[in-house]
Amino acid sequence: MTKQEKIAQMKKNRDAVILAHYYAPPDVQDIADYIGDSFYLSRKAEEIENKTIVFAGVSFMGESAKLIAAKKTVLMPDVNADCPMAHMVTKETVDRARSEYDDVAVVCYINSTAEIKSWSDVCVTSANAVKIVKNLPNSHILFIPDKNLAAYVAKKVPEKKFIYNDGFCPVHEHMKVEEIKRLISEHSGAPVLAHPECNSSITAIADYIGSTTGIINYVKENEYGEYIICTEEGVRHALKKARPDAEYYFAYTPPICKDMKLNTLDNIIRALENEDCCIEGPDFNVAEGASLTLKRMLELA
Ligand code: 13P
Ligand code: SF4
């Protein structure tokens, strides 16, 4: 029996579905029931009726699924798969903004721990941040933890005043603009598609900025033969499936999220066999506040 067949059988036995992010390894994406960006996957966690979710992503994704669907069993193939940015803000930053501005909304990127979400008013993902922030009644926005997504949203919503925090995704922040410029000179006419977690030197030269799903949809909806892609390299798999005829160029220094690569077929089998990969969810007080911010996001988006 192949690993894929074993997983299919275990899924049936446990009434489980596998959700995978586009940054998970290709063989994991291939056995997933649903593949998507973080917004799509949180919606799926809410909608699906199976008893068990195996989340091939990083811990904030598994934790969010558990907050959205508290009664379901949520398994992470490797509980050590974490997102460094998800921890990059302090409570002091939030308290300071709340004491300085009466009308501030604390907007929290889904790439954050449940505790950080519980300090916030609403959660967003890169796919819905502009829409949600635009419709908030508040004139001041503290956007946490990502300074790059914050800067992107601030440009799109100039009527609001933004307060920034110094968090970032190491994979996107450290992508080198010189490498992207070299690709532009080598592939003239190829549009540059960037994730909003990239730093401003890259988003400034991008033709399109959007979530992982947004990038894939751009490729589906356009007919260029070459694309320069500024996000994690796992997206290449979905791009190739969507448009096998096109070529995709990523930064020369491979943009790899090592935590996402902890999702392997072997780890998925182990998670389905044992309960030690089960996400418990945070304490009641944190869970209550955090799930409210996520539910608000699902309503407003
Ligand atoms: P998406 O919401 O676009 O999938 O991005 C998630 C992420 O972790 C990007 O680094
Ligand atoms: Fe976090 Fe960056 Fe990895 Fe996304 S790519 S999970 S933001 S470290």
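Whatever order the structure lists ligands and atoms in, that order sets their numbers, starting from 1.
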Review point. At under 4.0 Å between heavy atoms, which part of T212 makes contact with ligand 1: side chain, backbone, both or neither?
Key: both
Review point. Atom 4 (O) of ligand 1: which protein heavy atom is closest, and how many Å away?
Key: H21 NE2, 2.5 Å
Check your understanding: Would D121 and R98 pass as an ion pair if we require N to O under 4.0 Å?
Key -> yes
Review point. Got a donor-acceptor contact below 3.5 angstrom from the K155 side chain to the A150 backbone?
Key: no
Review point. Can a non-hydrogen atom of E197 be found less than 4.0 Å from any atom of ligand 2?
Key: yes
Practice item. Considering heavy atoms of the protein only, find what lies nearest to atom 8 (S) of ligand 2 and give residue, atom and distance to 0.1 Å. Key: P84 CD, 3.5 Å
Revision key, fill the gap. From the list V106, N165, I163, side-chain contact (heavy atoms from CB on, under 4.5 Å) partner of T93 resolves to N165
Check your understanding: To which protein heavy atom is atom 2 (O) of ligand 1 closest, and what is the distance rounded to 0.1 Å?
Key -> S38 OG, 2.5 Å
Review point. Is N111 touching ligand 1 with its side chain, its backbone, both, or neither, if touching means heavy atoms under 4.0 Å apart?
Key: side chain
Practice item. Considering only non-hydrogen protein atoms, determine which one is nearest to atom 5 (O) of ligand 1 and report residue, atom name and distance to 0.1 Å. Key: H195 NE2, 3.2 Å
Check your understanding: For ligand 2, which atoms sit closer than 4.0 Å to a heavy atom of N111?
Key -> 7 (S)
Exercise for review: Answer yes when K11 and D33 have at least one side-chain N-carboxylate O distance shorter than 4.0 Å, and no when they do not.
Suggested key: yes
Check your understanding: Which heavy atom of the protein is the closest neighbour of atom 2 (Fe) of ligand 2, given with residue, atom name and distance?
Key -> C169 SG, 2.3 Å
Practice item. Would you mind telling me which of V107, T90, V94 makes a side-chain contact (heavy atoms from CB on, under 4.5 Å) with I144? Key: V94
Point to revise | Mode of Y23 contact toward ligand 1 - side chain, backbone, both, neither (heavy atoms, under 4.0 Å) | key: side chain
Check your understanding: Which heavy atom of the protein is the closest neighbour of atom 4 (Fe) of ligand 2, given with residue, atom name and distance?
Key -> Y23 CE1, 3.9 Å
Check your understanding: Yes or no on side chain to side chain contact (heavy atoms under 4.5 Å, CB included) for Y249 and E186, after CA distance, side-chain angles and deciding distance?
Key -> CA-CA 10 Å; Y249 303 101; E186 287 168 353; over 6 Å; no
Point to revise | Residue, atom name and distance, where the atom is the protein heavy atom closest to atom 1 (Fe) of ligand 2 | key: C83 SG, 2.3 Å
**Study point:** Proximity winner for atom 7 (C) of ligand 1, if only heavy atoms of E232, M260, E197 are counted
**Key:** E197
Review point. Is the closest basic N to carboxylate O distance between K147 and E173 below 4.0 Å?
Key: yes
Review point. Do any N or O atoms from the side chain of E233 and from the backbone of F250 form a donor-acceptor pair under 3.5 angstrom?
Key: no
Check your understanding: Which ligand 1 atoms does S211 reach within 4.0 Å, using its non-hydrogen atoms?
Key -> 3 (O)
**Study point:** Proximal atoms of ligand 1 relative to S126 (non-hydrogen, under 4.0 Å)
**Key:** 1 (P), 2 (O), 3 (O)
Point to revise | Polar side chain donor-acceptor pair, Q29 to H237, under 3.5 angstrom | key: no
Review point. Of the backbone and side-chain N, O or S atoms of C257, does one lie nearer to atom 3 (Fe) of ligand 2 than 2.8 Å?
Key: yes
Review point. Would you call E100 and R96 a salt bridge, using N to O less than 4.0 angstrom?
Key: no
